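Have a look at the structure below before the remarks.
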Amino acid sequence: MVTHNALDVDISSLTFETLDKIRGYLKRMIDAGGSDLHVKANAIVRARINGDITPLSGEILSKEDALTFAKELLRTRFPEFVEKKELDLVYPYDDHTRFRVNIFFQMEGVSAVFRVIPVKILSLEELGLPKIIHKFTLLERGLVLVTGVTGSGKSTTLAAMINEINWNKRKHIVTVEDPIEFVHKDRKCIVNQRSVGQDTYSFGNALRAALREDPDIILVGEMRDRETIETALHAADSGHLVFSTLHTLDAKETINRIVSSFAMEEQPRIRLSLASVLQGVISQRLIPTIENKRVAALEVMVKTPFIAQLILENRDVEIRDAIEEGREIYGSQSFDQHILDLWDTKIISTDSAFNYATSPSDLKLKMQGMGGKVGKTNVTGGKETAFEEDEIFQIKK
């Protein structure tokens, strides 16, 4: 086991050769259009390209070199890394590219994951997001959540929404992030961005302080705990527009996750608060395209009197049906509705449509109704999957 003394760092003695080597891998990943670089002691360097983990070299990074890399990357923060065993930070590669980095100890030594953060903030139109997303930026108060698994594009969507407000309204925006990813310069708005660990001790502390900082819009990078959820609900209820994220799959699970964070006796109160302040839930899944890229499929829940009633009465299982029924009137959409659109316009394949659908069997019926010839459905291991016969789908002409 390595002692803390062996982990002490003398910055003046560092050559930064190992970090330069990692920068070379970062460039190769950027050139290949990758999203994440994985650096691990006693392993080769790999990158996630088009969703798949791909080796970038046959050279193994030794345990000693991985430790040196950590010292060269963190410099004066290295003692903090030794103490906490993991750290989040932002690494500026050049004027055009930044990375969100999580570096951590594991059984082989040091590992790190670099996630690309584009310097340019894409607009809602450039991202191809549904028009209803723009309407969320016009709200004066309430809570809007962006959800999905890690790497599904939540931060990119939130940045586009904040950017839209920044260019079109005269407001005060306060963000609390861990770490700060997209940097927003003051346009028509004042934007104060705070990084947890550097500018504040916690999401909860920063969020409580934000209420005394004359904000109009508050962005909370993630609602990680009950205290943050409670304060965010209070901020939305007191007349602010609050944006945040959760690692949940869809609107129904998002509501369940928030409510279940509280004791049973408190849950009716939380449901009452959610039914009042929650304005929308945007859930995202990245799906491989026919052109070997990735496209975001979105479920968008827009609060309606009926949705509010379902939340209040603990009828979450009915939310997806309500979302689908409200598409024409309110602009909401379920994952399967959007996936069907992507399949119908030949952006994604039949296999991808089934693999990412919430209900493959329901999706198959809808495809048949649009003129598709569908193969059989197979149930294995408790999960429903679909497969094709011959070319299975006669794509609608």
Side-chain angles (χ1 to χ4, degrees), residues 132-133 135-148 154 157-158 161-162 165 171-177 196 202-283 299-323 326 330 332:
I132 187 62
I133 307 300
K135 292 185 178 179
F136 290 138
T137 68
L138 303 177
L139 295 170
E140 292 294 325
R141 61 189 61 83
L143 176 65
V144 177
L145 299 174
V146 181
T147 81
K154 299 186 296 295
T157 297
L158 271 178
M161 296 172 77
I162 293 298
I165 295 170
K171 302 289 185 179
H172 178 204
I173 302 171
V174 176
T175 79
V176 186
E177 303 167 74
V196 174
S202 69
F203 279 109
N205 283 352
L207 191 49
R208 286 194 302 275
L211 296 176
R212 301 188 294 272
E213 294 162 2
D214 187 35
D216 298 292
I217 294 104
I218 303 172
L219 183 149
V220 185
E222 184 181 345
M223 297 207 300
R224 292 181 177 176
D225 51 48
R226 187 174 64 180
E227 178 192 15
T228 305
I229 293 171
E230 180 97 66
T231 311
L233 290 172
H234 172 67
D237 192 44
S238 58
H240 303 90
L241 179 57
V242 180
F243 294 95
S244 191
T245 72
L246 279 170
H247 291 285
T248 49
L249 294 178
D250 54 26
K252 177 175 69 68
E253 186 187 333
T254 299
I255 292 162
N256 285 334
R257 177 75 59 82
I258 292 172
V259 172
S260 63
S261 299
F262 295 83
M264 192 69 71
E265 61 272 15
E266 292 184 275
Q267 291 182 7
R269 174 179 65 85
I270 297 303
R271 283 193 173 276
L272 178 62
S273 180
L274 268 179
S276 173
V277 305
L278 185 61
Q279 297 295 328
V281 178
I282 305 160
S283 301
E299 176 180 274
V300 184
M301 187 198 83
V302 180
K303 189 182 84 169
T304 65
F306 183 51
I307 292 282
Q309 182 182 351
L310 295 180
I311 295 172
L312 191 60
E313 297 177 359
N314 193 11
R315 295 161 58 191
D316 301 341
V317 293
E318 301 176 47
I319 286 177
R320 191 179 66 168
D321 289 341
I323 289 172
Y330 302 107
S332 60

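The model shown is predicted, which means the values in this text are computed figures rather than measured ones.
- We find that Glu213 and Arg208 are not joined by a salt bridge, their nearest charged nitrogen and carboxylate oxygen being 4.0 Å or further apart.
- Among all heavy-atom pairs drawn from Ala235 and Leu211, the shortest one is CB-CD2, 3.5 Å.
- For His234, the NE2 atom is loosely surrounded, since the number of other residues' heavy atoms within 6.0 Å does not exceed 12.
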Inset, instruction - Quick one: do Arg257 and Glu253 satisfy salt bridge (charged side-chain N to carboxylate O under 4.0 Å, His left out)? Show the steps, please. - result: CA-CA 6 Å; Arg257 177 75 59 82; Glu253 186 187 333; 3.1 Å; yes

Inset, instruction - Let me see the working for Asn314 and Gln267 under side-chain contact (heavy atoms from CB on, under 4.5 Å), right down to the final yes or no. - result: CA-CA 10 Å; Asn314 193 11; Gln267 291 182 7; over 6 Å; no

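- Side-chain contact between Ile282 and Ile132 is absent, with no heavy atoms from C-beta onward closer than 4.5 Å.
- With a 4.5 Å cut-off on side-chain heavy atoms, Ile323 and Val302 do not count as touching.
- Side-chain contact between Ile270 and Leu233 is present, with heavy atoms from C-beta onward closer than 4.5 Å.
- The two residues His240 and Pro215 make their nearest non-hydrogen contact at CD2-O, 3.1 Å.
- The two residues Ala275 and Ile311 come nearest to each other via the heavy atoms N-CG2, 4.0 Å.
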Legend entry - salt bridge (charged side-chain N to carboxylate O under 4.0 Å, His left out) between Lys252 and Glu299, worked out: CA-CA 11 Å; Lys252 177 175 69 68; Glu299 176 180 274; over 6 Å; no

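- Using a 4.5 Å cut-off on side-chain heavy atoms (C-beta onward), Tyr330 and Lys303 make no contact.
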Inset, instruction - Start with the C-alpha gap between Val242 and Val144, add the side-chain angles, then the distance that decides, and say whether side-chain contact (heavy atoms from CB on, under 4.5 Å) holds. - result: CA-CA 6 Å; Val242 180; Val144 177; over 6 Å; no

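- Contact of the Leu274 side chain with the Val259 side chain is registered, since non-hydrogen atoms from C-beta on lie closer than 4.5 Å.
- With a 4.5 Å cut-off on side-chain heavy atoms, Ser244 and Leu219 do not count as touching.
- Of the charged side-chain nitrogens involved, at least one lies within less than 4.0 Å of a carboxylate oxygen, so that Arg271 and Asp316 count as a salt-bridged pair.
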